[in-house]
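Worksheet: the structure to be examined is printed underneath.
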Amino acid sequence: MKEFDVVVIGGGPGGYVAAIKAAQLGKSVACIEKRGSLGGTCLNVGCIPSKALLHSSHKYHEFKHGAEEHGINVKDVSLSLDKMMERKRNVVSGLTKGIEGLFAKNKITYLKGYGKLLGGNEVEIALNDGGIEKIKAGNIILATGSDVVQLPGIEIDEKKIVSSTGVLELTEVPKKLVVIGAGYIGLEMGSVWSRLGAEVTVVEFAPRVLPGMDGDVSKEFQKILDKQGIKFKLSTKVLSAKNDGNSVKLELESVTDGKKENLEADIVLVSVGRKPFTANLGLENIGIKLDERGRIPINDHFETSIKNIYAIGDAVRGAMLAHKAEEEGVAVAEIIAGQHGHVNYDAIPGVVYTYPEVASVGKTEDQIKSEGIEYKVGKFPFLANSRARANGETDGFVKLIADKKTDRILGAHIIGVSAGELIQELVVGMEYKAASEDIARTSHGHPGLSEAVKEAALATYFKPIHM
């Protein structure tokens, strides 16, 4: 039986990063992945293909509707969906092969199959090519990711009623698309197909879009999406969705007054969240019990109830984000190597890659209020930013929240073009416990979108210059 210092079950962002880091730290490593393609949900059917489509659809929409404003006359703009999908597949393929190259470079054994815990630090792999292989590990890292949450009574067939996987593979632009869920994935994919010509309606149980984000951002974002033509039915639950072969008939009910209505769509995207993937891992074989939300319980060092067995990423507590899983993968590899790996969960950004983007790090204003912390807020609109005006991209704002007594930044929220990049300055600031004055007194290149961050910091600790 082959033996390794570290065996990682799962080859997604958390798993493959943990494997590479452990190998870099001198450990012999094996990584088991059932998909047969590294990168997990994120790279294969999530983050990467969706961003490829978001970028391509934005370019199409910009050529069709935004070029004239810049004095560019473009005629006969047309869509080749096949070509767009081919580009997306090529992006994914190139990146997955790139990870295989990194595995080879770091001498990581890559096993394609389904890993299962047997006890005694043994792992059984049902190989994709057939047969069973058993290996032994000094340490095991469970990085098994997550799966789509399904709504009771709604059958996902990946044809008419699709998940986040199926919506990436549509062969034609639907005339009417209903998105169930106004979170990250639902709004991103709704944006893609809206830009390509679909009539999009988003149904959300909560009273606002992006329920977990800052309230000011949520309100502004909905206004922007309204202008883009996306329709919303908030405080509404879906009672049923039936595929009759030609279309999908939905029955909806208002959360506030119980009023029912019917809706019809060519395609329905079910996007109501994800759940930890922990099925058939053999956890019961070794006495690991899941928590009330189906997650694998871990301590502050990512260790499960069984010594030398660790868990990270979507399978454990915390935000289901690829970069959160990556940080945990690095941390647990360092811990196994005798170092002091850690993750600062207060400085994990979240980004919605629509147009414009939405980005957030730290606490929302509502969270800070509920904790009874005295705080101050500074906001600055992109409408007052010279680069945004020059680009003709003035939607949105930067909002900072700081402790009233210490001026330490507690949260940052941005809606606007390149918000996902702009937020990183504030992530670094929060990692080093920066005050809003620290950001405000830092020179920012002019003219630049990042000046809006500086001005929001000025507004937080004193007064903005350009507003």
Side-chain angles (χ1 to χ4, degrees), residues 8-24 29-57 84-106 108-115 128 141-148 158 162-170 183-186 188-189 192 269 271 273-277 312-316 318-330 332-333 348-354 357 420-421:
V8 183
I9 301 180
Y16 84 73
V17 167
I20 291 171
K21 187 66 176 182
Q24 290 174 341
V29 181
C31 183
I32 305 162
E33 171 53 53
K34 67 183 176 65
R35 192 186 301 271
S37 174
L38 293 167
T41 294
C42 175
L43 202 162
N44 289 277
V45 291
C47 319
I48 302 305
S50 66
K51 302 315 165 281
L53 289 183
L54 278 159
H55 190 67
S56 295
S57 64
M84 191 178 286
M85 291 294 184
E86 181 185 354
R87 177 184 178 276
K88 176 208 68 174
R89 286 189 288 270
N90 289 338
V91 168
V92 170
S93 175
L95 287 170
T96 56
K97 288 175 182 174
I99 299 173
E100 287 192 29
L102 291 173
F103 270 26
K105 176 184 175 182
N106 289 282
I108 296 167
T109 299
Y110 173 28
L111 299 166
K112 298 181 181 181
Y114 198 107
N128 291 354
I141 302 173
L142 303 174
T144 50
S146 59
D147 204 353
V148 172
E158 300 296 16
V162 300
S163 70
S164 55
T165 300
V167 78
L168 292 166
E169 297 294 339
L170 299 183
Y184 288 50
I185 297 170
E188 286 182 358
M189 297 316 302
V192 166
L269 165 61
S271 180
R274 300 184 65 83
K275 60 184 178 181
F277 182 85
I312 61 172
D314 289 1
V316 302
M320 289 184 170
L321 296 169
H323 46 283
K324 175 256 196 187
E326 288 183 1
E327 295 305 318
E328 291 177 334
V330 169
V332 77
I348 301 288
V351 184
V352 186
Y353 293 93
T354 46
E357 294 178 350
E421 305 301 326

Contact summary for Ala19 and Phe103, nearest pair of heavy atoms: CB-CZ, 4.2 Å
Nearest-0.5 Å distance that lies between atom OG1 in Thr41 and atom CZ in Arg274: 4.5 Å
Worked verdict on Val316 versus Lys324 for side chain to side chain contact (heavy atoms under 4.5 Å, CB included): CA-CA 11 Å; Val316 302; Lys324 175 256 196 187; 3.7 Å; yes
Inter-residue atom distance Leu269.CG - Met189.CE, 0.5 Å rounding: 7.5 Å
Value rounded to 0.5 Å, distance of CD1 in Ile108 from CD1 in Ile20: 5.0 Å
Glu188: salt bridge (charged side-chain N to carboxylate O under 4.0 Å, His left out) partners, not counting sequence neighbours: Lys51
Glu100 side chain near Thr96 side chain, heavy-atom distance below 4.5 Å: no
His55 atom NE2, neighbour heavy-atom count above 12 within 6.0 Å: no
Shortest non-hydrogen contact between Gly350 and Leu321, atoms and distance: CA-CD1, 4.5 Å
Interatomic distance, Cys31 atom SG to Asn106 atom CG [nearest 0.5 angstrom]: 12.0 Å
Side-chain (Asn44) to main-chain (Val92) donor-acceptor, under 3.5 angstrom: no
Atom pair CD1/CD1 of Ile141 and Ile32 - distance to nearest 0.5 Å: 11.5 Å
Smallest separation among heavy atoms of Ala315 and Pro276, with atom names: CA-CB, 4.0 Å
Test side chain to side chain contact (heavy atoms under 4.5 Å, CB included) applied to Val45 and Ser164, step by step: CA-CA 8 Å; Val45 291; Ser164 55; over 6 Å; no
Gap between atom CG of Leu170 and atom CD of Glu158 - 0.5 Å precision: 9.5 Å
Test item: Glu328 side-chain N/O and Gly313 main-chain N/O as donor-acceptor pair under 3.5 Å: yes
Criterion side chain to side chain contact (heavy atoms under 4.5 Å, CB included) on Leu38 and Leu43, from CA distance to verdict: CA-CA 8 Å; Leu38 293 167; Leu43 202 162; over 6 Å; no
Which atom of Asn128 lies closest to which atom of Glu33, heavy atoms considered: ND2-O, 4.4 Å
Gly39 to Pro13 - nearest heavy-atom pair and separation: O-CD, 3.5 Å
Heavy-atom closest contact (Gly329 atom, Ile312 atom, distance): CA-CD1, 3.7 Å
Contacts of Glu169 that satisfy salt bridge (charged side-chain N to carboxylate O under 4.0 Å, His left out) - sequence neighbours left out: Lys88, Arg89
Counterpart residues, side chain to side chain contact (heavy atoms under 4.5 Å, CB included), relative to Ser56 (two or more places apart): Met84, Arg87
More than 12 heavy atoms from other groups under 6.0 Å of CD on Glu421: no
